[in-house]
Amino acid sequence: MAALFGANNSFLRPVTGELPADKNATTQTVLLYNNLKKLAGKGYMFGHQDDLAYGVNWRYENGRSDVKEVAGDYPAVYGWELGGLEAGAERNIDGVPFKKMRQFIKEGYERGGVITISWHARSPYGAEKGAWDTTHGTVASILPGAANHQLYRTWLDELAKFFLSLKGSKGEAIPVLFRPYHELTGNWFWWCRNACSAEQFKVLWRFTLYYLSEEKKVHNLLYVYNTAGDFKTKEEFMERYPGDDAVDMISFDSYQYDDPAKSDWFVKNTNVQLGLMGEIAAEKNKLTAIGETGYEQIPFATWWTETLSKAIGEHKISYVLVWRNHGYNQWMKKMHYYAPYKDHGSAADFVKFYQQENTLFEKDVAREKLYE
Ligand code: BMA
């Protein structure tokens, strides 16, 4: 987009282009928002959670990425996770030090990639269950006027500090697709459908946006509404939608659990859901994405071109992100990964997926100059 700036200061927001939910969003954030709208017509970006931090059988080695070792290119979208930051932890819920995360975010952004951040915030009650404590009415307790509201503000203070510390080489704030309270239609987190009313959820969302942008002056966020993969109608998808003025992107998470050799359920269902979401997005002029997906361990050699690619089909979305490559997970007692690594059984098919015209990796998005 040919941006016009209000003054001779590149950090001021452009006076042309549509503004996102945060009307004081920074220049680069507004540019990203507008550029993503155009990019969706060309293809969808591939994203991977924690891509630069670790992979199957390695941890914290400069420049490494399982995706790059297979495809020869980094993902276009980097997913990161803030769970634990609200409580002042030095490492997130999956052991990633926030200091390193900040550096990885900068690296990805400087190469032209897109950053998205989720937040498995701990419930103030269930220390052990963390985000997965659904028994205490946590949402009601943190809303304005309620017992834990001041505590909630301190959580957002920690997040604000982190967001404001994300700086590019010219000192500009790095834009982030912030996806809080993800899978909100599920029944496993304290912000899910079974643990709060639709009204409470909307207030939580709107307060969060207000507090971060107005009180903490965080202006580098685009807000991503994200349901679980369980909706069958537009009404179900939208039941807890906090409002057009509070959301920039709509999305859902959906994983493959059955065997794609025996069932095409994932392909069909995802297609239908993308259709429903696409209609809403067109009506409301919002961006769209599959916030998380994957087939754990990818035990199907052609999952990328035969399943995922078909599941997305001709739908115009901004990105699809696969979850993290933890490797062997002691707690789960199994291998936990969603992107292929070198010599993995689906690696050859992933290269084909990479070569498809409509899949965008880092080199593709670098050419698009999403922040200019
Ligand atoms: C889940 C698993 C967990 C992890 C959580 C938050 O899907 O990967 O191991 O702690 O996401 O990242």
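Whatever order the structure lists ligands and atoms in, that order sets their numbers, starting from 1.
- What sits closest to atom 7 (O) of ligand 1 on the protein, heavy atoms only, is Trp323 NE1, 3.2 Å.
- Contacts with ligand 1 closer than 4.0 Å are made by no heavy atom of His326, backbone or side chain.
- For His336, the heavy-atom gap to ligand 1 drops under 4.0 angstrom.
- Taking the charged nitrogens against the carboxylate oxygens, Arg122 and Asp133 have no contact shorter than 4.0 Å, which rules out a salt bridge.
- A donor atom on one side chain and an acceptor atom on the other are found under 3.5 Å apart for Ser65 and Asp51.
- Distance from atom 9 (O) of ligand 1 to its nearest protein heavy atom, with residue and atom name: Arg324 NH2, 2.7 Å.
- Among Val96, Asp94, Asp50, Asn329, the residue whose heavy atom lies closest to atom 6 (C) of ligand 1 is Asp94.
- Heavy atoms of Glu292 come nearer than 4.0 angstrom to ligand 1 in no pair at all.
- In Gln49, neither the side chain nor the backbone holds a heavy atom less than 4.0 Å from any atom of ligand 1.
- Aromatic rings of Tyr109 and Tyr371 (six-membered ring for Trp) have centroids within the 6.0 Å cut-off, being under it.
- Polar contact check, Glu81 against ligand 1: no nitrogen or oxygen pair lies under 3.5 Å apart.
- Not one N or O on the side chain of Lys310 forms a donor-acceptor pair closer than 3.5 Å with the backbone of Thr307.
- The residues Arg193 and Glu239 are annotated as salt-bridged, a charged nitrogen and a carboxylate oxygen being separated by less than 4.0 angstrom.
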Evaluate side chain to side chain contact (heavy atoms under 4.5 Å, CB included) for Arg153 paired with Phe207, printing each intermediate quantity in order. CA-CA 10 Å; Arg153 286 177 178 249; Phe207 174 78; 3.7 Å; yes
